[in-house]
Participant: 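Dropping a structure here in structure tokens format, bear with me for questions.
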Protein chains: 2
Amino acid sequence: MNGRSAQRLAKLQEALASGGTLHLRDAAELCDVSEMTIRRDLTTQPTAMTLLGGRLVMANYPGVTPIYDLTEQQASHYQAKYRLCQRVLAFIEEGDTLFIDCGSTLIPLLSQLSHFRELTVVTYALNVANAVAALPNMRLVLLGGLFYAASQSFGSDNMAAAIERLGINKALISAAGVDLERGVSCFHFHEVAPKQAAIATAMQRLLVVDASKFGVVRPAYFAALDDFDVVVTDEEGAPQLLEGHGRDVPAVTVA
Amino acid sequence: MNGRSAQRLAKLQEALASGGTLHLRDAAELCDVSEMTIRRDLTTQPTAMTLLGGRLVMANYPGVTPIYDLTEQQASHYQAKYRLCQRVLAFIEEGDTLFIDCGSTLIPLLSQLSHFRELTVVTYALNVANAVAALPNMRLVLLGGLFYAASQSFGSDNMAAAIERLGINKALISAAGVDLERGVSCFHFHEVAPKQAAIATAMQRLLVVDASKFGVVRPAYFAALDDFDVVVTDEEGAPQLLEGHGRDVPAVTVA
DNA sequence: CACTAAATGTTATAATTTTAACATTCACGC
DNA sequence: GCGTGAATGTTAAAATTATAACATTTAGTG
């Protein structure tokens, strides 16, 4: 433990507080020590900063997502979601007005939508909106309200009414749990109203879920399985969906 | 221009959307191309990502905005905005419900808000929402609608009504033009309703504009200068604001 | 089906960053 | 002042990342 060490780090953190990066050489100059000393400070002392390619950046800031490397597992998990969304893509047509649910499942779909010339996306999720906003030739309608960080989505008392006013063509719904008998559920209660409204108003309803969701029940039920026209799932999910059921299961597409 | 380039970048951006970094080698593997291709994508196409020490990071991620490659002019311009926002900060109190306007002027304010324990932010701008969503202890209300990419904001026919339902304490309004006689203007017509509604309902109204906005007129007028209680501007803006006027000018704060 | 141009891959090289080892300086008690 | 250990600086080598040049593949065209 060294008082100067801590003092230098505090100074640097202050410099970075407004965001940005500081090259190690500049950090050293700022503190009037050698680069090696800054390096040692960073490894010796606990700090909210990290060194990335010779540059100092803020990480682990209270509440701010820390800088970390995506693990291979995370990357491959993303690949699976990507394949699922490739399947969903087959259902989308030029001119559609899509309702896109919150969560991470449908995110990989969005960049694929840039192929279409005329598409409207309706969502109540911030991450979905950001992905769509980055695309050209896309009409985006975000249903606002109070922000729920856990699901990156918004909730408001008149969201259902707002959704029913829109001419939604296809509803792409995701879920946190699918139980063949009990129904389809999610974590957060504020998601129930928009999901149900989208299911009620859309002309075609797709449930997009990977295998891990089957047999799971989450706090908030929002639909029965046969409320959907199509279920898109992966190789592992399909058998679970079909077994012990055969009558009122929607069409199934496997990624 | 290359469609695949854009598609790859979109895919990577999605993978990084929830934060973190992705090593170039993993990014190349994910897209099934060579590292060189990803490098070229990044330099060829406009993107929100940047390469930092061989790792791909979201450039607009809180704390990772790379300022080192900005021109000095840009850096100083940002510094000016930052100072302006520092002044605005003095008007904000614990427990406030703030209306925050769209544009880039007020963005540097947002990261400073993390010092407060209890704050509500109301906005109709996507970039503002993203900055606030990254902060802890913050209540965020986003007014949704149809997305306008040029101003990164939303517009809807009932936005004014939605704003007037909220208990907004202080309205922080920015503008593209301030003419001492003709009034305050912005570029986009859909911004007029929310700005006016916020001005109408807020208990305190602050106009935040740097010197470059004075004497400029933009397509859409939305207020008179004396609709505001305070004008926050910089050293160069203050004299322009005061000259030839003296009666109905609001209090002026200089950054 | 050959031709062309764009896109991508490969390789070698340059530049940068990281690490390790050792030298030097500084603070402080005796 | 001297000795001691911590802190810092310096240097060289290793590892990593970036760049440039050229080879190869691919997509589109006549």
Side-chain angles (χ1 to χ4, degrees), chain A residues 1-13 15-16 20-60 66-72 75 79 82 86 89 111-112 114-117 136, chain B residues 1-13 15-16 20-59 61 63-71:
Chain A
M1 52 188 77
N2 177 353
R4 296 208 186 151
S5 239
Q7 203 170 331
R8 280 192 298 263
L9 289 178
K11 185 172 184 178
L12 294 172
Q13 184 164 330
L16 289 176
T21 74
L22 193 63
H23 199 280
L24 193 60
R25 110 175 52 88
D26 301 323
E29 196 182 327
L30 191 68
C31 297
D32 204 36
V33 293
S34 72
E35 298 186 11
M36 197 64 212
T37 300
I38 304 288
R39 276 185 195 281
R40 273 194 276 243
D41 288 348
L42 291 167
T43 52
T44 305
Q45 307 279 324
T47 173
M49 291 169 288
T50 194
L51 205 48
L52 218 55
R55 260 145 289 205
L56 215 46
V57 307
M58 286 299 292
N60 306 317
I67 302 293
Y68 58 92
D69 282 339
L70 259 43
T71 65
E72 293 171 50
Q79 278 285 33
Y82 191 80
Q86 288 284 76
L89 201 60
S111 64
Q112 311 277 43
S114 60
H115 296 142
F116 295 90
R117 303 210 159 270
Chain B
M1 51 186 78
N2 176 352
R4 297 209 185 151
S5 243
Q7 201 170 333
R8 279 192 298 264
L9 289 178
K11 185 173 182 176
L12 294 172
Q13 185 165 331
L16 290 176
T21 75
L22 192 64
H23 196 104
L24 191 59
R25 108 176 54 89
D26 301 323
E29 197 182 326
L30 191 67
C31 296
D32 204 36
V33 293
S34 70
E35 298 186 11
M36 195 64 210
T37 299
I38 304 289
R39 277 184 194 281
R40 273 193 276 243
D41 288 348
L42 291 167
T43 52
T44 305
Q45 308 277 326
T47 174
M49 290 171 288
T50 193
L51 207 48
L52 220 54
R55 259 147 294 210
L56 214 47
V57 306
M58 290 296 293
Y61 208 72
V64 191
T65 315
I67 56 172
Y68 57 91
D69 61 346
L70 295 183
T71 64

Participant: Pick one: which of A/Asp41, A/Thr37, A/Thr44 meets side-chain hydrogen bond (donor to acceptor under 3.5 Å, both in side chains) with A/Ser5?
Facilitator: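 Answer to the side-chain hydrogen bond (donor to acceptor under 3.5 Å, both in side chains) test with A/Ser5 among A/Asp41, A/Thr37, A/Thr44: A/Asp41.
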Participant: Please pick, from C/dT8, D/dT17, C/dT17, the nucleotide with the shortest atom-to-atom distance to any side-chain atom of B/Asp41.
Facilitator: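 Nearest to the side chain of B/Asp41 among the choices is C/dT8.
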Participant: Check the distance between D/dT19's C1' and B/Ile38's CD1 and give it to me in whole angstrom.
Facilitator: 17 Å
Participant: How long is the line joining CG of A/Leu51 and P of C/dT19, in whole Å?
Facilitator: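 Rounded to whole Å, this separation is 9 Å.
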Participant: Are OP1 or OP2 of C/dA7 and a side-chain N or O of B/Ser5 less than 4.0 angstrom apart?
Facilitator: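 For C/dA7, neither OP1 nor OP2 has a side-chain N or O of B/Ser5 closer than 4.0 Å.
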Participant: Starting at the 5' end of DNA chain C, which residue's closest nucleotide do you reach first, B/Arg40 or A/Thr43?
Facilitator: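 Nearest nucleotide further toward 5': that of B/Arg40.
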Participant: What integer distance in Å separates A/Leu9:CG from D/dA7:C1'?
Facilitator: 14 Å
Participant: Nearest-Å distance, CG (B/Asp32) to P (C/dT8)?
Facilitator: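 Taking atom P of C/dT8 as the reference, CG of B/Asp32 is at 12 Å.
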Participant: Specify the residue among B/Arg4 and B/Met36 whose closest nucleotide of DNA chain D lies further upstream toward the 5′ end.
Facilitator: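 On the 5' side of the pair lies B/Met36.
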Participant: Counting just side-chain N and O atoms, does B/Thr37 come under 4.0 Å of either OP1 or OP2 of C/dG9?
Facilitator: yes
Participant: Which atom pair, heavy atoms only, marks the closest approach of A/Leu9 to A/Leu42?
Facilitator: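 Looking at all heavy atoms of both residues, the closest pair is CD2-CD2, 3.9 Å.
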Participant: Starting at CZ of B/Arg39 and ending at P of C/dT16, how long is that distance when rounded to a whole Å?
Facilitator: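 Taking CZ of B/Arg39 and P of C/dT16, I get 14 Å after rounding.
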Participant: So among A/Met36, A/Arg39, A/Arg55, which one has a side-chain contact (heavy atoms from CB on, under 4.5 Å) with A/Leu24?
Facilitator: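 Testing each of A/Met36, A/Arg39, A/Arg55 against A/Leu24, the sole residue satisfying side-chain contact (heavy atoms from CB on, under 4.5 Å) is A/Arg39.
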Participant: Rounded to whole angstrom units, what separation is found between the CG atom of A/Leu24 and the P atom of C/dT18?
Facilitator: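 Taking CG of A/Leu24 and P of C/dT18, I get 7 Å after rounding.
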Participant: Ignoring hydrogens, what is the shortest heavy-atom contact between B/Leu30 and B/Lys11? Give both atom names and the distance.
Facilitator: O-NZ, 3.3 Å
Participant: Tell me whether the side-chain N/O atoms of A/Ser34 come closer than 4.0 Å to OP1 or OP2 in D/dG9.
Facilitator: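 Answer yes for this pair, as a side-chain N or O of A/Ser34 is under 4.0 Å from OP1 or OP2.
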Participant: Rounded to whole angstroms, how far apart are CG on A/Leu42 and C1' on C/dT17?
Facilitator: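 Taking atom C1' of C/dT17 as the reference, CG of A/Leu42 is at 14 Å.
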Participant: State the CG-CZ distance between A/Asp32 and A/Arg8, to the nearest 0.5 angstrom.
Facilitator: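 So the CG of A/Asp32 and the CZ of A/Arg8 are separated by 10.5 Å.
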Participant: Establish, with yes or no, whether the OP1 or OP2 oxygen of C/dT17 is under 4.0 angstrom from a side-chain nitrogen or oxygen of A/His23.
Facilitator: yes
Participant: Mind calculating the distance between CZ (B/Arg55) and C1' (D/dA18) to the nearest angstrom?
Facilitator: 14 Å
Participant: Ignoring backbone atoms, establish whether A/Arg8 has a side-chain N or O less than 4.0 Å from OP1 or OP2 of D/dT8.
Facilitator: yes
